[in-house]
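Notes follow the structure.
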Amino acid sequence: MLGGYAGSLFILSLAMLVSAKTRSAVFAVTVPFIVLFVPSFLSSVNALSEILGLLPDQLLQISYAIGAFNLYEAGGKVTGAVPILFVLYLSLYAVMLPGTYRVYRKAEVK
């Protein structure tokens, strides 16, 4: 449940940021769609398996990510994909939220 919540926060903040930057509802819907559904079509390509394991669609399918048990190594430390997903996308959400606020504040009608 927490994985789906974290993934939804990230995707929704991405949609808001794209909407604020482009001022287009079409792009605001298209970009999150691409981020969520294109990786499922690319899953048959073995060369992309390590990258696809870290995309935000894995948070929405957290039971699969736990079952797959992908391991990643960075700086001599080995960790699973699930902790990386939570830290990565929650911190990206925390970074995008103030940026979205700034863009919307500039667009405010005075």
Side-chain angles (χ1 to χ4, degrees):
M1 186 171 80
L2 292 175
Y5 184 69
S8 296
L9 280 176
F10 173 74
I11 292 298
L12 293 174
S13 64
L14 178 65
M16 287 189 332
L17 184 62
V18 168
S19 172
K21 285 287 194 184
T22 63
R23 298 185 193 275
S24 169
V26 173
F27 286 122
V29 172
T30 306
V31 170
F33 176 80
I34 290 170
V35 169
L36 285 178
F37 292 112
V38 167
S40 64
F41 295 117
L42 296 176
S43 63
S44 62
V45 180
N46 289 333
L48 299 174
S49 65
E50 288 184 17
I51 295 169
L52 292 175
L54 292 176
L55 292 177
D57 69 315
Q58 295 297 312
L59 280 171
L60 302 177
Q61 304 172 12
I62 199 74
S63 61
Y64 174 76
I66 291 171
F69 199 69
N70 294 330
L71 295 175
Y72 295 93
E73 180 182 2
K77 301 209 179 213
V78 178
T79 186
V82 175
I84 293 173
L85 288 170
F86 276 106
V87 169
L88 176 66
Y89 289 108
L90 286 176
S91 35
L92 283 174
Y93 164 72
V95 168
M96 283 193 303
L97 197 60
T100 304
Y101 174 74
R102 285 189 193 107
V103 172
Y104 274 126
R105 189 179 60 183
K106 288 180 184 177
E108 182 181 10
V109 177
K110 294 182 182 183

Is any side-chain heavy atom of Ser19 less than 4.5 Å from a side-chain heavy atom of Tyr104?
yes

If Ile, Leu, Val, Met, Phe, Trp and Tyr residues are connected whenever their side-chain heavy atoms lie under 4.5 Å apart, and connections chain through other members, are Val38 and Val26 in the same group?
no

Heavy-atom pair with the smallest gap, counting every atom of Val18 and Thr22
O-OG1, 2.7 Å

Correct closest heavy-atom pair for Tyr89 and Leu55 would be OH-CA, 3.3 Å

Between CD on residue Gln61 and CG on residue Leu36, distance to nearest 0.5 Å
9.5 Å

hydrophobic_cluster_shared for Leu2 and Leu60, side chain cutoff 4.5 Å
yes

Apply ring-ring contact (aromatic ring centres under 6.0 Å, His included) to Tyr72 and list each qualifying residue two or more places apart in sequence or on a separate chain.
none

Out of Leu90, Leu85, Leu92, which one pairs with Leu88 under the side-chain contact (heavy atoms from CB on, under 4.5 Å) rule?
Leu92

Please report, to 0.1 Å, the donor-acceptor pairs under 3.5 Å made by any side chain of residues 3-16, with sequence neighbours excluded.
unit_1, atom_1, unit_2, atom_2, d
Ser8, OG, Gly4, O, 2.8
Ser13, OG, Leu9, O, 3.1
Ser13, OG, Phe10, O, 2.9

Start with the C-alpha gap between Ile62 and Val82, add the side-chain angles, then the distance that decides, and say whether side chain to side chain contact (heavy atoms under 4.5 Å, CB included) holds.
CA-CA 8 Å; Ile62 199 74; Val82 175; 4.0 Å; yes

Find out if a path of hydrophobic residues (ILVMFWY) with successive side-chain heavy-atom gaps under 4.5 Å connects Val87 to Ile84.
no

Same cluster for Phe33 and Leu59 if Ile/Leu/Val/Met/Phe/Trp/Tyr side chains link at under 4.5 Å?
yes

